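The analysis underlying the following values was restricted to heavy atoms, covering all of them including side chains, and did not include hydrogens, waters or symmetry mates. Not measured: the values here are computed from a predicted model.
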Amino acid sequence: MNKISPPYEKLLWSIALPGFGQFLNGKYLKAVVLIALEIVINAGANLNLAIIASFQGDIERAIREVDYQWLMFYPCVYMFGIWDAFRDAGGGQGRHDTLPFVLCAFVGTVGLIYSSSLRIFGVLLGPVWMPMLFAGLGLAVGAALRGALLRADGRTG
């Protein structure tokens with residue numbers, strides 16, 4: 001019986017909590033560092049309070065609760081943890097495979113910056129839903145850009 005799990009399993013555990021995928025990969029120091037960063041940033045940003053308020057539909061309270069100075073670190077640390085676990089497990093080894101992860105982190109951070117004021121179809125999404133929406137957009141753009149670059153690479157050589 002093959003006990004090696006596929007790379008996407010580590011990716012999914014890292015989505016649950018940055019550092020879990022690293023534990024599964026046997027990268028214990030990285031795992032502890034990522035979990036510690038998750039706890040420090042989460043606590044400093046009051047992220048859990050913002051998540052609760054957002055899920056309850058109280059976006060104004062989520063905006064008041066969150067500390068944006070701390071929360072600005074979150075998208076990049078979160079996406080790095082996901083990418084790192086996936087790559088250490090053998091995934092994401094191809095050309096341009098980093099692009100969806102990097103653009104997800106960057107565009108998610110841009111969404112966070114505008115989350116207290118930008119309305120989409122008149123709806124204020126706040127510091128939880130807006131970065132998630134923008135992160136999805138960054139992931140899609142990164143995947144499309146990766147595909148275009150791979151097609152261009154195929155034509156040139």
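- Glu60 contributes atom CD, which lies 11.0 Å from atom OG of Ser54 (distance to the nearest 0.5 angstrom).
- At distances below 3.5 Å, at least one donor-acceptor pair connects side-chain atoms of Gln22 with backbone N or O atoms of Gly19.
- The one candidate from Leu47, Ile63, Asn46 that meets the side-chain contact (heavy atoms from CB on, under 4.5 Å) condition with Pro127 is Ile63.
- The aromatic ring centroids of Phe134 and Trp129 lie 6.0 Å or more from each other.
- Asp153 places a side-chain heavy atom less than 4.5 Å from the side chain of Arg95.
- Under the 4.5 Å side-chain contact rule for hydrophobic residues, Val77 and Val32 do not share a cluster.
- In summary, the side chains of Tyr78 and Glu38 do not present any donor paired with an acceptor at a separation below 3.5 Å, with no hydrogens or angles considered.
- To the nearest 0.5 Å, the span separating CE on Met132 from CG on Leu125 amounts to 10.5 Å.
- Between Trp83 and Phe86, the ring centre distance reaches or exceeds 6.0 Å.
- The cluster map of Ile, Leu, Val, Met, Phe, Trp and Tyr, joined by side-chain heavy atoms under 4.5 Å apart, puts Tyr28 and Ile35 in the same cluster.
- With rounding to the nearest 0.5 Å, the separation of CG in Leu34 from NZ in Lys27 is 12.5 Å.
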CA sep, side-chain torsions, deciding dist, call: Leu149, Leu99, side chain to side chain contact (heavy atoms under 4.5 Å, CB included): CA-CA 10 Å; Leu149 288 171; Leu99 281 173; 3.4 Å; yes
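- Taking each heavy atom of Ala85 and Lys10 in turn, the nearest pair found is O-CB, 3.9 Å.
- Under the 4.5 Å side-chain heavy-atom criterion for grouping Ile, Leu, Val, Met, Phe, Trp and Tyr, Leu133 is connected to Leu118 within one hydrophobic cluster.
- When all heavy atoms are compared, the tightest approach of Pro7 to Gly90 is CG-C, 4.0 Å.
- Note on Ile120 and Phe55: same hydrophobic cluster, where clusters join Ile, Leu, Val, Met, Phe, Trp and Tyr whose side-chain heavy atoms are under 4.5 Å apart, directly or indirectly.
- Atom OH of Tyr74 and atom CD1 of Ile41 lie 8.0 Å apart (nearest 0.5 Å).
- Between Ala50 and Ala62, the shortest heavy-atom contact is O-CB, 3.6 Å.
- Between the side chains of Ser115 and Tyr68, at least one donor-acceptor pair of N or O atoms lies under 3.5 Å.
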Trace of the side chain to side chain contact (heavy atoms under 4.5 Å, CB included) decision for Asn48 with Ile51: CA-CA 5 Å; Asn48 286 346; Ile51 290 170; 4.2 Å; yes
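- The neighbour count for Gln93 CD, taken as heavy atoms of other residues, nucleotides or ligands under 6.0 Å away, is above 12.
- By the side chain to side chain contact (heavy atoms under 4.5 Å, CB included) test, Phe106 is found to be paired with Val110, residues two or more places apart in sequence or in another chain being considered.
- Taking OG of Ser14 as the start and CD of Glu9 as the end, the distance is 10.5 Å to the nearest 0.5 Å.
- The side-chain heavy atoms of Pro18 and Ile82, taken from C-beta on, include no pair separated by under 4.5 Å.
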Intermediate values then yes/no, side chain to side chain contact (heavy atoms under 4.5 Å, CB included), Trp70 and Asn42: CA-CA 8 Å; Trp70 276 100; Asn42 187 309; over 6 Å; no
Step-by-step side chain to side chain contact (heavy atoms under 4.5 Å, CB included) determination, Arg61 to Ile52: CA-CA 10 Å; Arg61 187 176 88 208; Ile52 291 167; 4.0 Å; yes
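- With contacts defined as side-chain heavy-atom distances shorter than 4.5 Å, the pair Val107/Val141 does not qualify.
- Taken together through direct or relayed side-chain contacts under 4.5 Å among Ile, Leu, Val, Met, Phe, Trp and Tyr, Leu137 and Leu145 form part of one hydrophobic cluster.
- Interatomic distance, CZ of Arg119 versus CE of Met130, reported as 9.5 Å (0.5 Å rounding).
- With respect to Lys30 and Asp88, a salt bridge is recorded, a charged nitrogen being found less than 4.0 Å from a carboxylate O.
- Looking at Asp97 and Arg146, a side-chain N of the basic residue comes within less than 4.0 Å of a carboxylate O on the acidic one, giving a salt bridge.
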